[in-house]
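Since the model is a prediction, treat every value here as computed from it, not as a measurement. We name chains A, B, ... by the order of the sequence lines, and we start the count at 1 in each one.
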2 protein chains.
Amino acid sequence: MNQSKRFLDIVKDIRDMIRREKIKPGNRIPSERELAEKLQVGRSTLREALRSLELLGLIETRRGEGTFLSDHRNHQLVEVLSTFILQDKQSQEDVWGTRLIHEVSAIQTICQNSKLASLKVWDSFRNRLNENESFYREDFVRELMVLSGNRLSLKIWFLLQQYSGNPYQEPVTATEKEMLLPLLAALEQQDMSSAIDLFKTWSCWIQKGRMQNGNDSRDL
Amino acid sequence: MNQSKRFLDIVKDIRDMIRREKIKPGNRIPSERELAEKLQVGRSTLREALRSLELLGLIETRRGEGTFLSDHRNHQLVEVLSTFILQDKQSQEDVWGTRLIHEVSAIQTICQNSKLASLKVWDSFRNRLNENESFYREDFVRELMVLSGNRLSLKIWFLLQQYSGNPYQEPVTATEKEMLLPLLAALEQQDMSSAIDLFKTWSCWIQKGRMQNGNDSRDL
DNA sequence: AAATATGAGTGGCCAGACCACTTTCAAATT
DNA sequence: AATTTGAAAGTGGTCTGGCCACTCATATTT
């Protein structure tokens with residue numbers, strides 16, 4: 001009858017216990033030996049459940065200290081999943097396009113939010129452009145992503161960035177810097193359609209340099 | 001020194017092995033004892049990694065048979081995550097919002113591509129609406145995602161769907177079906193802005209029902 | 001009072017042992 | 001000859017007990 005896997009039951013039991021005992025994020029949960037005793041299971045089986053929850057980012061373990069309910073704001077599972085999602089060689093276009101999806105969406109969000117658009121960040125960008133320091137597209141876009149406020153979208157974007165073969169490694173040129181000024185103005189005025197158009201044009205312009213196809217990501 | 005957890009390395013090793021050996025979904029991966037031997041780790045430690053991957057729905061184990069690469073159609077993900085992760089309002093909104101990002105983007109792509117817009121799928125949708133059968137939002141959106149042609153975006157969307165606690169598990173009502181007709185027309189005519197507006201309105205309308213368990217968690 | 005050593009508690013990892021189940025294939029039966 | 005049966009091998013599922021590395025509070029020494 002009860003064919004369900006043991007460790008899945010344990011996952012459920014732990015969840016119930018956490019709820020029952022009203023354990024809050026950051027709090028410590030009982031030790032492995034204690035839990036195994038209480039749930040009447042072997043410690044290794046219990047550990048399988050705990051490790052699963054850890055991989056999901058639901059709990060956090062510190063050797064010598066204990067196991068703690070995680071502040072699940074770290075979507076660690078996205079990392080793990082991404083390595084599997086991208087296991088087959090996706091076309092670079094899909095990665096690139098999906099990244100752009102998140103970027104454009106962030107711009108939309110920013111334009112729709114007057115509080116964001118009225119910030120002084122645009123002036124700060126202009127200052128950075130005027131200075132002769134290196135200016136990277138990724139830095140600029142990342143700040144846009146952060147401004148949009150969707151942390152999950154930011155996380156996904158960041159992952160895609162690492163997988164997209166780094167088309168934007170080099171700093172933007174003087175010409176590309178000038179192209180950015182109208183975009184900043186559009187953002188400031190919450191002119192969404194112009195902002196998106198300008199952004200896409202700018203991105204495609206810069207993208208010209210991404211020719212490497214030998215993508216042997218050896219990272220995590 | 002060795003800060004990284006062993007079982008996380010194993011997760012990575014297994015992924016690499018799957019990629020290296022070109023194991024396809026549905027195929028069998030080496031037995032636990034074999035893997036433990038090959039990776040030079042204890043079997044219980046290896047199992048911690050395997051169980052984690054199983055909870056994620058990436059692999060599937062059958063007692064007496066072996067372990068198999070899964071066909072991304074997992075179920076328990078929903079339960080676990082919705083009871084753990086989605087207690088946080090912000091995360092919930094992020095998942096929901098990120099999903100919408102991909103959905104809207106798909107609509108944009110479809111509207112920009114005349115070949116897609118001229119297809120007969122719209123008529124097929126209308127037929128399905130007229131019939132008295134159940135019509136689910138997810139099915140409709142999934143087809144849109146497929147039509148857009150970005151497989152990576154589709155995969156991400158599919159994952160987010162599982163994570164988002166199923167706000168759309170019920171079939172759309174008659175009223176909601178009627179709201180869909182103008183959207184189909186807009187898609188057919190490649191009227192992007194209308195299509196997006198109608199889609200968002202429609203989605204928000206349907207979403208009304210997903211206000212169940214009141215969550216405290218006003219922490220931070 | 002400060003620095004140090006100790007010990008209890010914790011997670012990390014492993015080896016070995018059963019058990020339950022599935023598949024296989026050869027022996028036994030028909 | 002065809003079928004049935006059953007033993008063996010292989011697999012995941014679980015438990016026990018042990019050892020290590022690390023943290024922290026406490027006791028001890030300086």
Side-chain angles (χ1 to χ4, degrees), chain A residues 1-15 17-18 21 23 25-71 74 76 80 220, chain B residues 1-15 17-18 21 23 25-71 74-76 80:
Chain A
M1 216 45 142
N2 188 5
Q3 287 290 11
S4 64
K5 318 270 175 148
R6 200 85 140 109
F7 91 98
L8 283 179
D9 291 335
I10 299 178
V11 165
K12 184 174 178 300
D13 286 340
I14 294 176
R15 184 203 57 186
M17 184 207 65
I18 288 174
E21 316 268 348
I23 301 177
N27 288 17
R28 187 170 163 280
I29 71 180
S31 74
E32 296 182 349
R33 291 169 176 84
E34 209 171 323
L35 276 177
E37 167 77 15
K38 188 180 297 184
L39 301 180
Q40 286 294 294
V41 297
R43 195 181 151 215
S44 33
T45 309
L46 178 87
R47 276 179 63 82
E48 293 177 9
L50 286 179
R51 263 2 92 207
S52 300
L53 294 178
E54 182 175 3
L55 189 66
L56 285 176
L58 300 175
I59 61 175
E60 190 179 327
T61 56
R62 297 198 278 273
R63 172 188 278 188
E65 296 184 57
T67 307
F68 302 83
L69 203 62
S70 174
D71 203 347
N74 312 328
Q76 184 187 354
V80 183
L220 184 138
Chain B
M1 237 84 71
N2 187 8
Q3 276 290 37
S4 65
K5 318 265 180 169
R6 200 84 146 108
F7 92 99
L8 282 180
D9 292 335
I10 298 178
V11 166
K12 180 180 176 300
D13 287 339
I14 294 177
R15 187 211 57 184
M17 184 208 65
I18 288 174
E21 316 269 348
I23 300 177
N27 288 15
R28 187 171 163 280
I29 69 180
S31 74
E32 296 183 348
R33 292 169 176 85
E34 210 171 321
L35 276 177
E37 168 74 16
K38 187 180 296 183
L39 301 179
Q40 286 293 294
V41 296
R43 194 180 152 217
S44 19
T45 309
L46 178 88
R47 277 181 62 84
E48 293 177 9
L50 286 179
R51 263 1 89 207
S52 300
L53 295 178
E54 181 175 3
L55 189 66
L56 284 176
L58 298 174
I59 62 173
E60 189 180 326
T61 56
R62 297 197 278 271
R63 171 187 283 187
E65 298 184 55
T67 306
F68 303 82
L69 210 66
S70 176
D71 252 341
N74 180 271
H75 204 273
Q76 64 263 30
V80 180

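As a whole-Å value, the separation of B/Asp9 CG from C/dG12 C1' is 12 Å. For A/Ile59 and C/dG11, the CD1 to C1' distance is 11 Å, given to the nearest whole Å. Rounded to whole angstrom, the span from the CG atom of B/Leu53 across to the P atom of D/dG12 amounts to 14 Å. Rounding to whole angstrom units, CD1 of residue A/Ile10 and P of D/dC15 are separated by 7 Å. Atom pair B/Leu55:CG and D/dG13:P shows a separation of 13 Å (rounding to whole Å applied). Between the CD atom of B/Glu60 and the P atom of D/dT11 there is a distance of 18 Å, given to the nearest Å.
Checking A/Thr61, A/Thr45, A/Ile14 one by one against A/Leu50, the side-chain contact (heavy atoms from CB on, under 4.5 Å) holds for a single residue, A/Ile14.
Listed here is the closest heavy atom pair of A/Glu48 and B/Arg47: OE2-NE, 2.7 Å.
Interatomic distance, B/Arg15 CZ to B/Leu53 CG, rounded to the nearest 0.5 Å: 11.0 Å.
Judged by atom type and distance alone, B/Arg62 does not reach the base of D/dG12 through any side-chain donor-acceptor pair under 3.5 Å. The base of D/dG10 does not come close enough to the side chain of B/Arg33 for any donor and acceptor atom to sit less than 3.5 Å apart.
Here the nucleotide nearest the side chain of B/Arg63, chosen from C/dC13, C/dG11, C/dC21, is C/dC21. In the set D/dT11, D/dG12, C/dC13, the nucleotide with an atom closest to the side chain of B/Glu32 is D/dG12. For B/Arg43, counting side-chain heavy atoms from C-beta on, the closest listed nucleotide (C/dA17, D/dT11, D/dA21) is C/dA17.
Counting non-hydrogen atoms of other residues, nucleotides and ligands closer than 6.0 Å to CD of B/Glu21 gives a total above 12.
Checking the phosphate oxygens (OP1, OP2) of C/dC14, a side-chain nitrogen or oxygen of B/Thr45 falls inside 4.0 Å. Distances shorter than 4.0 Å separate some side-chain N or O of A/Thr61 from OP1 or OP2 on C/dG12.
Of the two residues contacting DNA chain C, namely A/Ser44 and A/Gly64, the nearest-nucleotide position lying further toward the 5' end is that of A/Gly64. If you find the closest nucleotide of DNA chain D to B/Arg28 and to B/Arg47, the one lying nearer the 5' end belongs to B/Arg28.
A salt bridge between B/Arg51 and B/Glu32 is present, with a side-chain N of the basic residue lying under 4.0 Å from a carboxylate O of the acidic one.
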